[in-house]
*Asks:* 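Right, I'll just put the structure down here and ask away after.
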2 protein chains.
Amino acid sequence: MKTRERILLTSLELFNTEGEANVSTVDIANEMDISPGNLYYHFKGKQEIIGELFNRLESQLIDILEAPLEKSIKTEDAWIYLYVVFEQICNHRYFYRSISDLLQRYPDIEKRFRRLVALKIRTAEAVARELVDHEVLKMDARQVSWLANNVAMQLTFWLNFDNLLSKNTPDPLAIHQGVFQIVSLAAPYLSPQHRYVYDECSSLYEHLIADL
Amino acid sequence: MKTRERILLTSLELFNTEGEANVSTVDIANEMDISPGNLYYHFKGKQEIIGELFNRLESQLIDILEAPLEKSIKTEDAWIYLYVVFEQICNHRYFYRSISDLLQRYPDIEKRFRRLVALKIRTAEAVARELVDHEVLKMDARQVSWLANNVAMQLTFWLNFDNLLSKNTPDPLAIHQGVFQIVSLAAPYLSPQHRYVYDECSSLYEHLIADL
DNA sequence: GTCTATATTAAGATAGAC
DNA sequence: GTCTATCTTAATATAGAC
């Protein structure tokens with residue numbers, strides 16, 4: 001693997017585990033057993049590494065979030081879809097953990113991340129409307145808009161909150177709790193024939209807790 | 001006002017507006033027109049300032065959160081109570097904006113803040129149970145626990161999320177949106193006679209938006 | 001209590017040899 | 001492409017005069 005690529009992967013790994021603020025360019029170089037000078041040959045600095053990591057986060061997330069806008073997802077896939085989003089977020093958790101700080105330091109990233117949040121909401125709204133059309137959910141336009149906002153918020157901050165609840169939740173459990181949390185938001189609006197979605201999700205959740 | 005107190009107030013103000021990471025001891029001293037040396041006479045450093053600011057945050061929040069545990073609050077006060085909590089959070093928003101970072105740097109604060117989150121959940125649960133007992137809400141124990149978790153999350157991260165939605169929401173509007181967001185969580189479980197709580201909150205929200 | 005001046009440290013960054 | 005050595009900068013912190 002090329003050094004440039006290794007720098008990006010190592011940085012992502014260290015940022016996720018130690019927190020972006022606690023990782024210096026020298027730390028990254030040490031972790032890789034290369035010299036700081038070498039790192040600076042490949043990147044102008046930490047700034048540029050973060051910029052490139054964000055580029056990837058952004059393009060991946062756009063791909064994921066635009067899919068249901070272009071081609072409506074099947075009803076039974078709606079909650080599976082949440083896993084995909086959460087997993088991507090989890091891979092870049094360092095970013096979500098330090099949002100305010102990073103957005104304050106990088107105005108360019110700030111604009112782009114705000115667009116991502118707006119896209120999250122738009123997608124959540126589209127999916128919810130789809131479910132309403134198929135009579136899986138029963139809610140009016142205002143409730144849909146409320147739900148979409150809330151889903152976006154849960155996606156963005158759930159892993160942070162989970163971290164406050166217990167320090168070292170294994171990733172799969174944390175993600176599943178997040179999904180369950182979101183499904184619970186929609187539960188009161190599920191039509192009787194689709195209650196089983198909530199029950200399925202709920203029992204899967206129980207099993208996961210029992211296993212871990 | 002004593003210098004020590006002015007340092008604390010100025011720090012809080014600067015942290016809230018600029019972000020804790022972007023404010024140095026020299027910045028604080030400059031803002032107050034005192035010398036850095038003077039600041040260090042009163043505090044061992046930024047660390048100690050943050051420690052003292054957290055002490056206050058903690059004791060205020062405990063006072064607020066323990067009140068409903070000791071003496072049950074009146075049904076119609078339940079959602080007003082949310083404003084009190086949000087306002088306190090808003091006053092210390094720098095802390096909530098940089099939670100991960102601060103908790104990573106100050107293990108002592110981490111432990112204590114985790115206890116505060118647990119207390120938030122306990123209080124939310126107690127209030128919810130109270131409302132269930134008075135037949136304001138209709139939900140089972142599991143739903144109560146889900147709601148309490150969600151309320152705690154909204155309280156903790158709503159202002160952060162609001163900040164992603166639009167950069168400069170005036171505080172009162174942001175807080176009201178947060179309250180509305182939380183009331184909406186409980187709305188599906190409101191008994192018919194108490195629907196009006198949601199409607200009141202909802203129309204107040206519309207008015208606020210129209211005014212601003 | 002407050003100031004000025006200065007020391008310390010750690011992160012960020014570059015130059016130049018190999 | 002990579003290394004070593006070194007420079008710059010900003011934040012933190014202290015000493016000693018007033």
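Naming: A, B, ... by sequence-line order, numbering from 1 per chain. Hydrogens, waters and symmetry mates play no part in the numbers below; they use all other heavy atoms, side chains included.
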*Asks:* Quick check, are the ring centers of A:F54 and A:Y106 under 6.0 angstrom apart?
*Replies:*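 No, the ring centres sit 6.0 Å or more apart.
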*Asks:* Tell me the interatomic distance from B:F43, atom CZ, to C:dG1, atom P, rounded to whole angstroms.
*Replies:*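 My rounded result for the distance is 12 Å.
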*Asks:* Measuring only between side-chain heavy atoms, which start at C-beta, is A:F180 closer than 4.5 Å to A:Y198?
*Replies:*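 In contact.
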*Asks:* How many Å lie between CZ on B:R6 and P on C:dG1, as a whole number?
*Replies:*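 Distance, rounded to whole Å: 13 Å.
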*Asks:* Is it true that the side chains of B:Q60 and B:Q88 contain a donor and an acceptor less than 3.5 Å apart?
*Replies:*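 B:Q88 and B:Q60 do have a side-chain donor-acceptor pair below 3.5 Å.
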*Asks:* Could you give the side-chain donor-acceptor pairs of residues 170-179 of chain A under 3.5 Å, partners two or more places apart or in another chain?
*Replies:*
from, atom 1, to, atom 2, distance (Å)
A:D171, OD1, A:R93, NH1, 3.4
A:D171, OD2, A:R93, NH2, 3.4
A:H176, ND1, A:Y83, OH, 2.0
A:H176, NE2, A:C201, O, 3.4
A:H176, NE2, A:Y205, N, 3.4

*Asks:* Sequence neighbours left out, cut at 3.5 Å: what donor-acceptor pairs do the side chains of residues 6-13 of chain B make with other protein atoms?
*Replies:*
from, atom 1, to, atom 2, distance (Å)
B:T10, OG1, B:R6, O, 2.7
B:S11, OG, B:I7, O, 2.6

*Asks:* Within the 4.0 Å limit for protein heavy atoms, which parts of nucleotides 2-15 of chain D are touched? Write it as a string from 5' to 3', B for base, S for sugar-phosphate only, - for none.
*Replies:* BBB------SBBB-
*Asks:* Whole Å only: how far is the CD1 atom of A:I7 from the P atom of D:dG1?
*Replies:*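 Checked: the CD1 to P distance equals 11 Å.
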